[in-house]
Amino acid sequence: MARFSFMLTAAALATPLAFAAPAGDAGYETKTGFSNLAYPFTDAATNFAFAAFVAFLLIAISLGALKAITSALDGRADEIKRQLDESRQLREEAAAALAEAERKQKEADQAADEMIKQAKADAKMMVEQARKDLAEKVARREAQAEARIARAEAEATNDVRRAAANAATRASKDIVANSPQRSDLFTKALSDIEKALN
């Protein structure tokens, strides 16, 4: 604002030069030296145009053009600031969302690792349990087979004994029936049986 006031003061001081120029000059002379530098300040048309420009500025300022321009610039500055704040907020939200996504990804990776470890442990436990069940089943089957074999052996032994006893009984009957010494043989057989039982 101080600069603008300075410009207005300079314009007001330069305006009388337009009226101090000689009115009869119709053409332009070729000037050299210092007068060539001072010519724009002594030219009536230049001074009149400058005065008209200053008057235009004064009228525009009095009508509020400066306020309109400054308010438009302030509005534009506020809009830029709002956009920057919005961009900063969006960047912060994006950073927070990225951090949240990374945290969830890390948690998901940890959960997957835990699931894999648990699955491996469960599989190992199931294999061990299956081996144990298979060993127990094989042991039961072996015990059952051994029991059947022992039963079959006992039954076979009993069958052999019965057959031997029957054969011995038949042979004894035949021998006793055909032998003249039947009573002595019967007594001897009874004593042999008693010895065998004791």
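FYI, side chains are in, hydrogens and waters are out, and symmetry mates aren't considered; it's all heavy atoms of this structure. Keep in mind that what you see is a predicted model, and the values were worked out from it rather than measured.
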Test item: I116 and K120 side chains (from C-beta on) under 4.5 Å apart, heavy atoms: yes
K81 NZ to R88 CZ distance, which is reported to the nearest 0.5 Å: 9.0 Å
Electrostatic pair R82-E86, nearest N-O below 4.0 angstrom: yes
Side-chain heavy-atom pair R148, R151 within 4.5 angstrom cut-off: yes
Single-linkage hydrophobic cluster, 4.5 Å side-chain cutoff, F50 and L58 together: yes
Distance in Å, I80 CD1 paired with L73 CG, rounded so as to fall on 0.5 Å steps: 9.5 Å
Spatial distance of atom CD (E100) from atom CD (Q105) [nearest 0.5 Å]: 12.5 Å
Rounded distance (nearest 0.5 Å) linking atom CE of M115 with atom CG of D122: 11.0 Å
Interatomic spacing from CD in E142 to CD1 in I149 - rounded to 0.5 Å: 10.0 Å
Side chains of D85 and Q89, donor plus acceptor under 3.5 Å: no
Distance in Å, E114 CD paired with D109 CG, rounded so as to fall on 0.5 Å steps: 12.0 Å
E107 bridged to K104 by N-O distance under 4.0 Å: no
Test log, rule side-chain contact (heavy atoms from CB on, under 4.5 Å), inputs E79 and R76: CA-CA 5 Å; E79 178 66 18; R76 181 67 179 150; 4.2 Å; yes
R131 atom CZ: more than 12 heavy-atom contacts under 6.0 Å: no
